[in-house]
Amino acid sequence: MTQKPYKLVQIDEVRWEIPRTGKMRVPGLIYTDARTLPDIEKDESADQVYNVAQLPGIVGRSLAMPDVHWGYGFPIGGVAAFDEHEGVVSPGGVGYDINCGVRIALTGLNKESLYPRIRPLIDSFFAKVPSGVGSRGGIRLNKSELSKVLKAGAAWAVSQGMGEESDLDRIEAGGALQGADPSVVSDRAFERGKDQLGTLGSGNHFLEIGFIEKIFDEDTAAQWGIVQDQVTVMVHSGSRGLGYQVCDDFLARMVKSVAAEGIELPDRQLACTRLHTPLAREYLGAMAAAANFAFANRQILMHLARTTWEKSLGISPRELQFRLLYDVCHNVAKFEMHTLNGQKRRVMVHRKGATRAFPKNHPELSEVYRSTGQPVLIPGDMGRASYILAGQEGAMNETFGSACHGAGRILSRHEALRQTKGRSIERELQDQNVYPRWVGRKTLREEFPHAYKDVSIVVDVVQRAGLARKVARIRPMGVVKG
DNA sequence: ATGTAC
């Protein structure tokens with residue numbers, strides 16, 4: 001085993017530091033505990049935290065959440081903020097799936113009444129929601145109409161009758177990032193996106209029905225309208241081929257610009273550009289456009305779920321009481337105000353596989369969540385659980401207002417297939433009262449529950465670190481996987 | 001994550 005160029009030093013029960021050394025500009029900090037530390041030591045995610053700490057203009061620390069795992073350049077589960085003058089923006093710090101994210105809707109149903117009808121419900125979702133790699137058949141748009149989507153985000157879907165105006169207060173950034181510029185989105189990206197709006201995608205993207213299995217914070221749950229045994233709907237999807245193409249386009253350009261800007265990189269995958277360059281402005285404009293496509297996509301998918309539900313089970317809107325709880329980004333970069341050493345600064349926060357976790361009274365939160373902190377939505381795996389958390393002050397002090405985003409993979413897709421050879425994951429899930437429908441031949445085995453860390457441990461670390469608090473736990477009942 | 005390689 002080769003010696004690492006850095007040390008991993010335990011600070012307390014949930015914090016491990018990479019002290020500044022070599023070309024690091026800031027220290028690294030990984031949130032984990034003794035249970036998840038071995039998973040982190042197994043892959044290269046700590047190396048990636050160390051690499052990110054070397055980028056120009058990085059401030060605070062190079063951070064990793066307990067669900068961290070290896071990613072393209074930056075680790076998935078990573079958070080990094082950059083000074084607005086000296087810093088950079090990096091497509092690898094956002095990820096290929098720009099504004100991959102998740103939303104949860106609550107209903108007026110309870111688990112007992114739904115369990116007998118879960119199969120026809122999931123079957124009808126499977127029939128109506130386009131899923132899988134390259135899925136089309138969502139909404140077809142011409143270039144000028146798609147440009148409107150890229151500017152308006154979720155509000156475009158609402159303007160088409162898909163959802164309600166009040167949904168927008170329940171979406172991060174109101175369902176649209178500012179500064180979206182369709183003119184810097186390539187023709188190829190437009191081409192890939194034009195018939196993919198309202199499609200789920202593949203991999204770990206899903207549409208899941210579950211119920212509130214446990215409430216941890218009675219007051220917050222009551223304020224948010226969450227009750228024991230209540231049926232929930234969760235959508236996990238992103239910007240599809242359009243966002244992928246935006247990332248690809250700008251990575252190619254930045255790989256070339258890095259040398260000219262005099263930026264030295266420990267890894268080519270960290271390609272980036274200084275924030276004051278025209279290229280940065282273009283990337284941020286294209287990234288915001290792709291993020292808005294993803295906001296619109298989740299708004300449409302949720303509307304599709306609602307209308308399919310009402311039709312297939314013949315249930316009235318009054319009985320279903322379908323309403324959006326919240327929608328969060330898991331992959332995005334944004335200018336935000338943060339306090340560093342007592343000084344307020346505008347920084348470019350990269351969250352890649354990390355969720356914003358703003359606490360109560362944060363000025364960016366809509367009125368709806370001003371008194372509680374924002375909902376922080378954490379999907380787990382298909383078989384065990386997902387969590388609804390609330391942002392806490394500790395996140396503002398330590399992580400640029402961020403928390404974890406999920407369970408975090410521990411097995412590669414290849415390794416997951418190897419370990420599930422000859423097993424029926426469908427039957428195993430059904431034995432746990434989870435009814436799955438899926439598209440790809442290998443999807444279910446690649447995504448089987450133990451390909452992921454235990455989300456309960458991940459969330460426990462986040463709570464003990466003071467980044468977010470547990471509000472409720474969801475148990476899955478049925479799922480559509482792409 | 002991804003028309004899983006243009």
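Numbers restart at 1 for each chain; the letters A, B, ... are given by sequence-line order, proteins then strands.
Checking side-chain atoms of A:N297 against main-chain N and O of A:G238 turns up a donor-acceptor pair under 3.5 Å.
The separation between A:L251 atom CG and B:dA5 atom P is 16 Å, rounded to whole Å. Distance CG (A:L200) to P (B:dT2): 9 Å, rounded to an integer number of Å. Rounded to whole Å, the distance from CZ on A:R240 to P on B:dT2 is 5 Å. Rounded to whole Å, atom P of B:dT4 lies 12 Å from atom NZ of A:K442.
Between A:H405 and A:H69, the angle of the ring planes stays under 30°, which puts this pair in the parallel group of the 30/60° scheme.
Using a 4.0 Å heavy-atom distance criterion, A:Q196 is classed as a sugar-phosphate-only contact. Within 4.0 Å (heavy atoms only), A:G241 reaches sugar-phosphate atoms of the nucleic acid but no base atom. A:R413 comes within contact range of the sugar-phosphate backbone alone, with a heavy-atom separation under 4.0 Å but no base atom that close. Residue A:S202 is in base contact, counting any heavy-atom pair closer than 4.0 Å across all strands shown. In this structure, A:G203 reaches the sugar-phosphate backbone alone: every heavy-atom distance under 4.0 Å involves primed, P, OP1 or OP2 atoms, never a base.
Residues A:Y452 and A:D67 have side chains that never bring a donor and an acceptor to within less than 3.5 angstrom of each other. Side-chain contact, A:R253 with A:T273: no donor N or O sits under 3.5 Å from an acceptor N or O.
Nearest-nucleotide positions on DNA chain B place A:H205 closer to the 5' end than the other of A:H205 and A:V133.
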